[in-house]
Amino acid sequence: MKVSMLLLGLPALGLAYPGMMGDMSREEALEMLREKRDAEAKPEKRQILSSLVGTVTNLVADVSGLLGSVASSVDPDNKRPEAGYTFQAPGSTDSRGPCPGLNLLANYGYLPRNGHVTFSEVIEATARGFNMGADLATVLLVFAILTDGDIATESFYLGAGPGGVGGLERHSTVEADISPNREDYYLGCGDNHHLSSRIFAQNVAYAAADPDKQFTLDCMSKQWAANAAFSVKNNPYLYYFPFPSIVATAAFNFYPQFFSNGTYEAGGVANYESISSIIGAQLNKNTGQFEYVPERWPAQGWYRRSTEYGAVQALTEAFTRIYPSYPVSMAFPQLQGGDLTAANALCMIYQGLNSITPLALSGEEQSIAAGVTWALGKLTAVGLDGTTLGCASSTLSPNEFLFPNSTQKGGPLNPPASVQSNIGSNVYYKTYFTSAPTTPQCSHSS
Ligand code: HEM
């Protein structure tokens, strides 16, 4: 299964990133990836998921044990929501999707409540609500707009776009497999956006086992290891493109860094009370399952982090604290060589613009080139230009904009008909995925 994935993936890499494989022949590169895969498959590296998710009673006890106090040393200016921003559950026509941070901001009116948002609105709202650095928000936004939205209006939808086209749910663009608490796109039969009850139960178990009884970076790295092992084992379409793979990995550190009450590692607490409320996980004590409810800040009082969390810290933590607990082959030469730094990961992002498929794919080469030019302008504005980062410039060529296998099964342009029924904006007050979907068939209950 994995071999065929590698075989399919390699030519794509060679095409999208000429020169990346260095002097290596295709056979040598394949051999290297095979060795890496075999090392990954060693049983001791696997987490035994079933032993983590306890009985309903244990789970409820774990959760109760995690209820905690609000952060002690906080600046009142960081209290959220601010006056004038009130919680309102989204209506059935409001667009909500895989990002709990943006969903929450729309639920309070920091972003338009209908979920159709623009570049500048998101830059402002993410800083104000969570203290996300403008460089990190820009990186996310550039890709979201380019691949899931509309460049002319610099806008996109938080869930699915009109008619099920575009929006953050679009797979393998910004949304990716191996998410903290969502199922993989194909294993979930197109549902990559609702909170998964069984994955969150696993996350709670890791938090309960954590020395701090919190959703710490260590706790989230265990969550990554378990989710990555699960996807590598079960998802025949797992393919990690450079950009979405980075987002999905960094999303694990977003849990403590953005959702803590107060500043994580400076007195803030990433406890159950804070995390479950923000990601919309509500325990049903009778079933031991988590219902997915609209994302909101905890009613008891919540303080955003007091310092900005930007692109360099996010990538550094993703690749030093999260990813090493279960390395998955990614299209990064630096990962193979072990010399990955935040700067060269940012270079990968910058150069990775080559490999993505703009939503306006009907576009001839010219319009695609215009989109990439737009994106580069945005990145340069926040100091993330290739020259500053020291990226090789030769890899940006207008002839290689589309990653070659985007139309193959597993690529963003070819979802099988079976998954179409689950594409759509979030439906709340339901429980999704009470058990693990181990095959990409639409037979699970949700
Ligand atoms: C700035 C623009 C942003 C964009 C375009 C964006 C987009 C996305 C997308 C597409 C996903 C799905 C990734 C996946 O499949 O794993 C995601 C997940 C996530 N995002 Fe965002 N996001 C943004 C800002 C934020 C902010 C401000 C926060 C936190 C305050 C945040 C927290 C998260 C978390 C924790 C996840 C993982 C959800 C889970 O699986 O449990 N994001 N985001």
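Every value quoted in this text rests on a predicted model; they were computed, and no experiment measured them. Order of appearance sets the numbers: ligands from 1, and atoms from 1 within every ligand. Quick note: residue numbers are just sequence positions, from 1.
Counting only heavy atoms of the protein, atom 29 (C) of ligand 1 lies nearest to F259 CE2, 3.5 Å. Protein heavy atom nearest atom 28 (C) of ligand 1, with residue, atom name and distance: G101 CA, 3.9 Å. Nearest protein neighbour of atom 10 (C) of ligand 1, counting heavy atoms only, is V174 CG1, 3.5 Å. When hydrogens are left out, the protein atom nearest atom 38 (C) of ligand 1 is P100 CD, 3.5 Å; that is the closest non-hydrogen contact. If you check which protein heavy atom lies closest to atom 18 (C) of ligand 1, you get P98 O, 3.8 Å. Nearest non-hydrogen protein atom to atom 13 (C) of ligand 1 is E175 CA, 4.0 Å. Looking only at protein heavy atoms, the nearest one to atom 16 (O) of ligand 1 is S179 OG, 2.7 Å.
Those atoms of ligand 1 with a heavy atom of A176 less than 4.0 angstrom away are 14 (C), 15 (O), 16 (O). Set against the non-hydrogen atoms of V122, the atoms of ligand 1 under 4.0 Å away are 1 (C), 2 (C). Atom numbering of ligand 1 starts at 1 in the shown order; those under 4.0 Å from a heavy atom of M132 are 1 (C), 24 (C), 25 (C), 26 (C), 27 (C). Ligand-side atoms of ligand 1 in range of F130: 30 (C), range being under 4.0 angstrom from any heavy atom. If you number the atoms of ligand 1 from 1 as listed, the ones under 4.0 Å from a heavy atom of F254 come out as 31 (C), 32 (C), 33 (C), 35 (C). Close contacts between ligand 1 and A251 involve ligand atoms 35 (C), 36 (C), 37 (C) [criterion: under 4.0 Å to a heavy atom]. For ligand 1 and Y255, the ligand atoms under 4.0 Å from any heavy atom of the residue are 35 (C), 39 (C), 41 (O). Here is the list of ligand 1 atoms found below 4.0 Å of a heavy atom in N181: 39 (C), 40 (O), 41 (O).
Side chains of N253 and Y309: a donor on one and an acceptor on the other come within 3.5 Å. In this model, a donor atom of one side chain and an acceptor atom of the other lie less than 3.5 Å apart for D177 and N235. The closest side-chain donor-acceptor pair between D94 and N114, if any, does not fall under 3.5 angstrom. S306 and R304 share no side-chain donor-acceptor pair at under 3.5 Å.
A distance of 9.5 Å separates OH in Y110 from CZ in F130, rounded to the nearest 0.5 Å. Note that the CZ atom of F259 and the CD1 atom of I279 stand 7.5 Å from one another [nearest 0.5 Å].
Salt bridge present: E183 and R198 bring a charged side-chain N and a carboxylate O closer than 4.0 Å. Ion pairing between a basic and an acidic side chain is recognised when a charged N comes within 4.0 Å of a carboxylate O; R96 and E295 show no such pairing. Residues R321 and E317 are not paired through a salt bridge, judged by the lack of any N-O separation under 4.0 Å between the basic side chain and the carboxylate.
By the 4.0 Å heavy-atom criterion, L102 is counted among the residues contacting ligand 1. Within the structure, the closest approach of F252 to ligand 1 does not fall below 4.0 Å when heavy atoms are considered.
In this structure, Y292 and Y428 have tilted ring planes: the angle between them lies in the 30° to 60° band.
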Assess the residue pair R182 and E175 against the criterion (salt bridge (charged side-chain N to carboxylate O under 4.0 Å, His left out)); give the C-alpha distance rounded to whole Å, side-chain angles, the decisive distance to 0.1 Å, and a yes or no.
CA-CA 10 Å; R182 264 80 182 159; E175 194 286 319; over 6 Å; no
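The option from C99, G167, A144, A281 that lies nearest to atom 20 (N) of ligand 1, judged by heavy atoms, is C99.
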